[in-house]
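Reminder, nothing fancy here: chain letters follow the sequence lines and each chain counts from 1.
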Protein chains: 2
Amino acid sequence: MRPSERPEIRDLPLFRTMRDDSFDTLAKDFFARDFPPGFDLLRQGDPARVLHIVLDGAVLLYTRHRGRETTTAVVEPPGSFILAACIRDAPYLVSARTLERARVVLVPCEQLRSIVRQDPDFALAVAEELSGCIRQVVRHTKNLKLRNAQERLAAYLLRESRLCGDADRFILPVEMRTLASFLGMTPETLSRSMRSLEAAGIAKEGARAIRITDRDALARLAAPDALIDGPGPVGTSRGIDLPGVRAAS
Amino acid sequence: MRPSERPEIRDLPLFRTMRDDSFDTLAKDFFARDFPPGFDLLRQGDPARVLHIVLDGAVLLYTRHRGRETTTAVVEPPGSFILAACIRDAPYLVSARTLERARVVLVPCEQLRSIVRQDPDFALAVAEELSGCIRQVVRHTKNLKLRNAQERLAAYLLRESRLCGDADRFILPVEMRTLASFLGMTPETLSRSMRSLEAAGIAKEGARAIRITDRDALARLAAPDALIDGPGPVGTSRGIDLPGVRAAS
DNA sequence: CGAACCCTTGACAGAAATCAACTAAGGTGG
DNA sequence: CCACCTTAGTTGATTTCTGTCAAGGGTTCG
């Protein structure tokens, strides 16, 4: 860990409220590292050994089964992932790979668990992080089960806009294929859904830029709902949000 | 709370490891109640006020959006629900209704949060419960995204059998329509999937009884996977398992 | 400049939802 | 105890949605 980034790490949602001495103890054991794009950070099924927290860049969480693959989340700073596996000392349910160059804090699970037991403030922070994570996954599941492909895309675009400060124009944070996988559809279906939305309030401007031309029309289609898409106009962060990603609820 | 059930409550996964004095403090504020079948316990969108723990009976967690409705979970003893909303003091994401006569422990969120801050053992128990819950929802999402309707049903039946001690014959814990909704399909599709599985290892014996006639054939179809269907041969409990339900990971 | 790779588009196939009718089972009240 | 009514489940016909396969166009990067 570079001395310069210690304050940044200290201020992460997970560590912000913990006692100084707990942080100092924990800090002895964790370290930050840079990873190149496309680097495999962990594989589903492996026993939990280290908690990961993204300081910079972006990390893809994905999972495979029988040759099929799906995106579980894209984690951006200051998101953490696989906290649940660490707490339970259980195998990872997903694999993780850097999408771009990324800087990640690695915290050994054993030390983490030991501090949880000693510092109630930290334990509470962990519980809050986990709770936020549950709520995100539950909302994502509701999204998958209660909306069709086109509605999911419309809702995603509205949310993305909101996270960019209700901007009418914004850049998608991930490739189309990753977005498709996250939204539970094939790239082809995403492409067609995007096209059909061009008649309902959006315009594509280049490969990844989106302009919202008719917010009301889009909203009629998406039927945005705080209990699915997440709360309030002022997002805590940007990008796809998912399990283990952000404390936001 | 009846004096006789105090030991039972004390031994719940969430309370088992907490300090005596914390439990005593908390016990002043919680109470157990009986509810008739079909009783609405809470509604999505309402602010979190009480944690619910099921001592007896069964509770349906479901959610609505735009006239569509889907089952999120069926909670059976000794499962809890909406712990995450309580910890974050956020609105419920789902509604809850008793499926049958049920006995439920109600714990005011405020007191719960206050004890979390005071008792690290309890905070750890909460973190573990939440972690188990996350893992369940993540597995459920993987199930929805990586398997088709028939495979989801096949995997569900195998898991159900496993939870009944690898019994070849068992009774479904919920109505077909509820199961369909949980598995992310319509009752019609469930009915047809069930029928098509009769050529691949199962037999229906009456309305809700299932016999597994060819476990290997069923397994070839379902491709059971610990990272989706949950761990080991010895289940912690039975029935549908879901968000906020069981500590099992 | 060329080779990957990503995205799009079209044609088609398959999966699942919808609509509607029918059957069976459970509960109620006569 | 039986008839009726309600509700759950099944089945069939059909539509809609989504995935698959294949080809083409555009970008990016070496």
Side-chain angles (χ1 to χ4, degrees), chain A residues 36-38 60 65-71 74 97 99-101 143-154 156 171-200 202-210 221, chain B residues 36-38 60 62 65-71 74 97 99-101 143-156 171-200 202-210 221:
Chain A
L60 176 74
H65 174 71
R66 270 194 160 179
R68 302 163 205 170
E69 183 175 314
T70 190
T71 294
V74 174
R97 180 173 59 229
L99 280 175
E100 45 192 89
R101 206 172 144 286
N143 193 35
L144 288 172
K145 290 176 85 174
L146 292 168
R147 286 185 176 136
N148 65 25
Q150 199 187 33
E151 291 166 343
R152 291 200 294 276
L153 175 59
Y156 174 81
I171 309 291
L172 293 174
V174 291
E175 291 183 349
M176 295 295 277
R177 57 222 235 64
T178 306
L179 178 57
S181 177
F182 174 63
L183 292 178
M185 62 187 87
T186 60
E188 292 95 326
T189 298
L190 174 62
S191 183
R192 282 184 253 267
S193 300
M194 191 75 86
R195 166 135 309 232
S196 78
L197 283 189
E198 288 177 8
I202 75 138
K204 282 194 74 173
E205 305 193 334
R208 278 215 210 158
I210 301 289
L221 228 150
Chain B
L60 176 75
Y62 65 98
H65 174 72
R66 269 195 162 180
R68 301 163 205 170
E69 183 176 314
T70 190
T71 294
V74 173
R97 180 173 60 227
L99 280 175
E100 44 192 88
R101 207 174 143 285
N143 193 35
L144 288 171
K145 289 175 86 174
L146 292 169
R147 286 188 177 132
N148 66 24
Q150 201 187 34
E151 291 166 343
R152 291 199 294 277
L153 175 58
Y156 174 80
I171 310 291
L172 293 174
V174 293
E175 291 183 350
M176 297 293 280
R177 58 223 228 71
T178 306
L179 177 58
S181 176
F182 174 63
L183 292 177
M185 62 188 86
T186 59
E188 292 96 324
T189 298
L190 174 62
S191 182
R192 281 184 253 266
S193 300
M194 192 73 87
R195 164 132 314 225
S196 78
L197 284 189
E198 288 178 9
I202 75 138
K204 283 194 74 175
E205 305 193 334
R208 278 215 209 157
I210 302 289
L221 228 149

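- Residues A/L221 and A/A200 approach most closely at CD1-CB, 3.6 Å, considering heavy atoms.
- Comparing the axis of the opening five pairs of the helix from C/dC7-D/dG24 to C/dG30-D/dC1 with that of the closing five pairs yields an angle of 40°, rounded to 10°.
- The shortest heavy-atom contact between A/L172 and A/M194 is CD1-CE, 4.3 Å.
- When atom types are taken as modelled, the side chain of B/S181 and the backbone of B/T178 share no donor-acceptor pair closer than 3.5 angstrom.
- D/dG9 atom P lies 18 Å from atom CD of B/E205, rounded to whole Å.
- Atom CE of A/M176 and atom P of C/dT9 are 10 Å apart (whole Å).
- One atom, NZ of A/K145, and another, P of C/dA17, lie 11 Å apart when rounded to the nearest Å.
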Taking protein heavy atoms under 4.0 Å as touching, what does nucleotides 13-30 of chain D look like 5' to 3' if B marks base contact, S marks sugar-phosphate-only contact and - marks none?
-> B----SBBB---------
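- The two atoms that bring B/T71 and A/K145 nearest to each other are O-NZ, 3.0 Å, heavy atoms only.
- For the pair A/E175 CD and C/dA4 P, the computed distance is 18 Å after rounding to whole Å.
- Minimum interatomic distance between B/R147 and B/R152 (heavy atoms only, all atoms of both residues): O-NH1, 2.8 Å.
- Looking at heavy atoms from C-beta onward, A/L179 lies in side-chain contact with A/Y156 at the 4.5 angstrom threshold.
- Residues satisfying the side chain to side chain contact (heavy atoms under 4.5 Å, CB included) test with B/S191, not counting sequence neighbours, are none.
- Summarising the geometry, the separation between CZ on B/R195 and P on D/dG9 is reported as 15 Å, rounded to the nearest angstrom.
- Residue B/L179 contributes atom CG, which lies 11 Å from atom P of D/dT10 at whole-angstrom precision.
- Every salt bridge (Lys or Arg N to Asp or Glu O under 4.0 Å) that B/R177 has, sequence neighbours left out, goes to B/E175.
- As a whole-Å value, the separation of A/L172 CG from C/dT8 P is 10 Å.
- Listed candidates were D/dT11, C/dT8, D/dT10. Nearest to the side chain of A/K204 is C/dT8.
- Counting only residues at least two apart or on different chains, no salt bridge (charged side-chain N to carboxylate O under 4.0 Å, His left out) pair has a member in residues 179-199 of chain B.
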Contact state string [nucleotides 23-28 of chain C, B base, S sugar-phosphate only, - no protein heavy atom under 4.0 Å] | ------
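- No donor-acceptor pair under 3.5 Å is formed between the side chain of B/R97 and the backbone N or O of B/L60.
- One interatomic measurement links the two molecules: CZ of A/R177 to C1' of C/dC7, which rounds to 10 Å at whole-angstrom precision.
- Inter-residue side-chain proximity for A/I210 and A/E205 is flagged as unmet; no heavy-atom pair is nearer than 4.5 Å.
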